[in-house]
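All remarks here apply to the structure that follows.
In each ligand, atom 1 is the first atom listed, and ligand 1 is the first ligand listed.
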Amino acid sequence: MYCVRKVTNDLYWVGANDHRLALFENCFPIPRGVSYNAYCLLDEKTVLFDTVDWSACRQLLENLAYVLDGRELDYLLVNHLEPDHAACIEEILLRYPKVKLISNEKAFMLMRQFGFHVDGHECIEVKEGDTFSFGKHTVTFVGAPMVHWPEAMVTLDVTDGVLFSADAFGTFGALDGKLFADEVDFERDWLDDARRYLTNIVGKYGPHIQLLLKKAGGVLDQIKYICPLHGPVWRKDLGWFIEKYDTWSRYAPETQGVLIVYASMYGNTENAAQALAVSLCDKGMSKVAMYDVSSTHVSQLISEAFKYSHIVLASVTYNLGIYPAMHDFLMDMKALNLQNRTFAIIENGSWAVKSGDLMQKFVNDELKNMTVLNERLSLASSMGTDKRTELEALADAILESMK
Ligand code: FEO
């Protein structure tokens with residue numbers, strides 16, 4: 001059965017939702033599912049903007065057949081070649097043998113690399129600034145390299161002000177009937193997943209996102225809709241979401257507050273983390289989020305690290321090193337280029353306390369533009385009352401650094 005929604009008078013969402021996939025990119029948990037968005041324009045010519053993951057191909061085909069209602073598909077426009085959007089290209093070519101492909105040079109190269117048999121079909125190669133008319137609707141193309149792959153581009157329908165933004169402005173989470181961001185409580189129910197999606201998938205490429213935002217800035221007044229490849233379509237409050245993207249891609253904190261991530265084997269380091277959280281809240285800073293590094297997926301920790309201004313790392317010493325899960329978190333922060341945060345450290349060890357020095361060295365040497373506070377809480381096995389002064393000094397230092 002088809003499941004489509006109208007975006008504008010001429011444009012339909014013909015994508016699909018996926019609740020079966022446990023790990024996006026076989027890496028990131030998606031308990032709320034994910035949508036693969038594809039769009040069909042009905043003009044003098046008919047156009048499909050991107051396809052979907054192979055697992056959702058049948059739904060796409062049913063949706064497309066319903067919307068086309070017997071018409072031919074004239075064009076398949078490919079903005080992004082990653083298989084969660086491009087896997088069905090060949091199937092579309094088989095079903096609609098006269099369809100012409102529109103994309104850029106790198107995307108056509110990747111199509112062949114992935115083994116899609118596009119040769120024999122008309123392949124129209126476009127580049128940034130080119131325009132193309134489908135009748136009433138004219139589109140123009142803007143390169144978006146590394147947002148998220150090098151071939152990525154976005155397409156602006158200048159007639160209706162629809163930006164097909166590829167992975168940009170996407171989010172985890174299945175749509176389940178709702179299509180528009182103004183049909184959900186986005187800030188309450190979607191923002192965390194939007195940040196987790198962006199920071200983990202493209203966090204490393206903040207400068208490339210900034211470049212795309214700069215290009216979009218020149219035509220911002222023309223953009224009425226943002227149609228990403230995942231998650232809701234934006235037709236209201238576009239500026240609010242664009243500002244979030246700007247913040248995340250500049251590696252600026254979204255919230256003045258404290259993220260506490262602890263690695264605790266028997267609860268003693270966790271106890272110190274809890275005591276610090278209590279002290280911070282007692283002193284008036286209640287924007288505190290705390291996670292056990294062992295039971296929280298690192299993609300969520302990354303999202304929170306991009307959110308908060310201050311990060312407390314609390315770790316036991318393990319094999320004379322940093323606890324493995326904490327080390328993974330540090331490595332991920334490095335890989336995703338997180339910058340401009342203030343760190344505080346809690347260390348623990350029963351005979352050789354090493355984790356504090358090692359975490360400090362990692363933050364100083366491996367991460368960019370980070371500050372590590374001089375105050376540190378150092379524990380031998382557990383936190384006794386004799387450590388109260390050190391704990392309060394650490395909380396005071398965190399608050400002082402926020403001024
Ligand atoms: Fe959703 Fe980069 O693909």
Margin query: Suppose we call two aromatic rings close when their centres sit under 6.0 Å apart. Are His230 and Phe24 close by that rule?
Written below: yes
Margin query: If I consider every N, O or S atom in His148, which one ends up closest to atom 2 (Fe) of ligand 1? I only need its name.
Written below: ND1
Notebook entry, point to check: When the aromatic ring centroids of Phe186 and Trp234 are compared, is their separation below 6.0 Å?
Noted result: yes
Check: Of the backbone and side-chain N, O or S atoms of His85, does one lie nearer to atom 1 (Fe) of ligand 1 than 2.8 Å?
Finding: yes
Next item on the list: Check each of Thr155, Asp167, Asn104 against Asn79 using the side-chain hydrogen bond (donor to acceptor under 3.5 Å, both in side chains) test, and report the only one that passes.
Entry: Thr155
Notebook entry, point to check: How about Tyr75 and Phe132: are their ring centres within less than 6.0 Å of each other?
Noted result: yes
Note to self: To 10 degrees, how wide is the angle OE1 (Glu82) to atom 2 (Fe) of ligand 1 to OD2 (Asp167)?
What the structure shows: 170°
Note to self: For atom 1 (Fe) of ligand 1, give me the closest N/O/S atom belonging to Asp84, just the atom name.
What the structure shows: OD2
